Protein chains: 2
Amino acid sequence: MEFTKRQAEIIKASIILIAKKGIQNLTIKSISKSIGISEPAIYRHFENKMDILLAILSYFKNTNSIVLETSELKNKTAIEQIGLIYSNHFKEFNENRALTSVIFSEEIFQNDQRLTDKVLSIMKTNNIVISQIIKTGQKNNEIRNDIPGEQITMIIMGALRLIVTKWRMSGFAFDLKKEGSDLWNSMKKMIMKTYK
Amino acid sequence: MEFTKRQAEIIKASIILIAKKGIQNLTIKSISKSIGISEPAIYRHFENKMDILLAILSYFKNTNSIVLETSELKNKTAIEQIGLIYSNHFKEFNENRALTSVIFSEEIFQNDQRLTDKVLSIMKTNNIVISQIIKTGQKNNEIRNDIPGEQITMIIMGALRLIVTKWRMSGFAFDLKKEGSDLWNSMKKMIMKTYK
DNA sequence: CTATTGTTAGTTAACGTTCACTAACTAAAA
DNA sequence: TTTTAGTTAGTGAACGTTAACTAACAATAG
């Protein structure tokens with residue numbers, strides 16, 4: 001188990017606090033207050049504040065892997081796989097809205113090299129997984145190959161990120177699952193080799 | 001003139017500081033140090049720190065309007081117009097790299113309602129301009145109309161944002177103008193009605 | 001022409017508050 | 001009985017901001 005119960009509690013409280021008021025208002029005091037213990041008690045579970053930030057990123061990495069590497073993906077077409085990754089993301093965000101404030105927000109973790117490196121590695125993992133699926137789809141003549149796979153990956157990831165950002169900034173005012181699914185259906189038309 | 005020389009200096013210094021070390025390290029002390037005056041002197045030019053953050057966003061709004069509403073856009077096809085908006089953005093970012101750390105980083109300005117509102121209004125302006133161009137292009141049978149204009153807008157904006165984010169996070173390691181232009185050529189293939 | 005008055009943009013010193021973090025102690029669980 | 005997880009009460013450093021003052025300059029009045 002990567003984190004104890006209390007550690008997980010601290011991580012989740014921190015994410016919610018960042019979502020609400022930004023990283024500038026994430027303090028040991030605000031964390032401890034939100035879970036109902038004293039400030040020094042936090043230090044029984046994390047060495048320092050930086051370790052909490054790193055733990056948040058580890059938590060993302062896990063969540064992300066689960067969404068990306070689910071066994072559902074096996075024995076599906078490339079298009080079906082990307083579709084599933086899209087809908088899994090939307091499901092995850094719908095259940096954990098605070099996550100959207102930080103998961104595509106590389107800028108938040110900019111104050112330390114270790115944080116930046118960790119963010120970068122999460123981004124790269126994402127890219128490799130999607131890119132691999134796209135390229136396989138291109139080989140199978142499922143996805144158009146007059147456009148480099150990396151660029152299709154960028155377009156797919158860019159749209160996913162932007163719709164989630166808009167959803168959050170609207171105060172979660174629209175149905176992400178529905179709008180997201182519509183968006184994906186449009187993207188399919190654009191990237192599939194033969195669309196009927 | 002919206003800002004005095006000194007105010008502009010403070011704004012630019014702040015953007016560079018955010019780009020370097022994140023919003024957490026933007027302090028009155030760091031700003032004053034970077035332009036070589038004392039901390040209290042900052043208060044001769046801005047009432048308080050919040051006003052500096054708001055000024056940064058106003059500065060963005062201006063830069064953004066210039067990129068979006070240039071007269072070059074007149075008498076051009078929709079595709080040419082979006083192409084120009086893309087390349088103008090890349091040119092602007094290339095000349096002012098620190099800008100990329102904040103311009104698509106809504107999360108940075110999350111600690112106050114006034115900041116969030118201003119960010120939102122900039123995003124909306126962007127969207128309206130691009131969306132208008134796309135819809136005109138669809139009416140003229142220039143852009144495919146089997147996909148709603150709003151979704152094409154989202155895809156275009158999402159890709160632009162993501163490539164800029166990647167460029168920044170790579171430490172500006174690739175040629176944004178070239179990679180961006182390649183990306184746009186691929187997007188054209190996807191959204192044009194007839195591509196030869 | 002010069003003395004007065006006001007403005008602008010800066011200084012040093014200090015304010016109260018909050019920050020991350022620690023020492024010392026305690027209750028309860030293992 | 002030792003370990004774990006909490007407490008209270010504190011630390012020095014950094015935070016945004018203000019007070020008090022000054023040098024340099026511009027406009028105006030005598």
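All values derive from a computational prediction rather than experimental measurement. Throughout, protein chains are lettered first and strands after them, A, B, ... in sequence-line order, and every chain is numbered starting at 1.
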Matching residue for Met187(A) among Ile82(A), Leu160(A), Ile155(A) - test: side chain to side chain contact (heavy atoms under 4.5 Å, CB included): Ile155(A)
Parallel, tilted or perpendicular: rings of Trp167(A) and Phe172(A) (30°, 60°): perpendicular
Ser131(A) and Ile128(A), any side-chain heavy atoms less than 4.5 Å apart: no
Distance, rounded to the nearest Å, where Ile42(A) contributes CD1 and dT4(D) contributes P: 18 Å
Nucleic acid contacts - residues 105-116 of chain A versus DNA chain C, non-hydrogen atoms under 4.0 Å: none
Parallel, tilted or perpendicular, as decided by the 30° and 60° cut-offs, for the rings of Phe109(A) and Phe60(A): perpendicular
Separation of atom CZ in Phe46(B) from atom P in dT18(D), rounded to whole Å: 16 Å
Any Arg6(A) side-chain nitrogen or oxygen under 4.0 Å from OP1 or OP2 of dT4(D): no
Interatomic distance, Ile23(A) CD1 vs dC19(C) P [rounded to whole Å]: 13 Å
Heavy-atom check, side chain of Ile191(A) versus side chain of Ile79(A), under 4.5 Å: yes
Side chain to side chain, Lys193(B) and Asn145(B), heavy atoms closer than 4.5 Å: yes
Interatomic distance where NZ belongs to Lys5(A) and P belongs to dT4(D) [whole Å]: 17 Å
Pairwise distance NZ(Lys20(B)) to CG(Asn111(A)) - rounded to 0.5 angstrom: 15.5 Å
Is there any protein nitrogen or oxygen under 3.5 Å from a nitrogen or oxygen in nucleotides 13-17 of chain D, and what are the pairs?
residue: dG16(D); atom: OP1; partner: Lys49(B); partner atom: NZ; Å: 2.8
residue: dG16(D); atom: OP2; partner: Ile28(B); partner atom: N; Å: 3.0
residue: dT17(D); atom: OP2; partner: Tyr43(B); partner atom: OH; Å: 2.9
residue: dT17(D); atom: OP2; partner: Lys49(B); partner atom: N; Å: 2.8
residue: dT17(D); atom: O5'; partner: Tyr43(B); partner atom: OH; Å: 3.4

Below 4.0 Å: OP1/OP2 of dG10(C) and any side-chain N or O of Ser38(B): no
Nearest-Å distance for atom pair CZ/P, residues Arg44(A) and dT8(D): 14 Å
Parallel, tilted or perpendicular, as decided by the 30° and 60° cut-offs, for the rings of His89(B) and Phe93(B): tilted
Minimum side-chain heavy-atom gap Glu2(B)-Ser58(B) below 4.5 Å: yes
His45(A) side-chain N/O to dG6(D) phosphate OP1/OP2 under 4.0 Å: yes
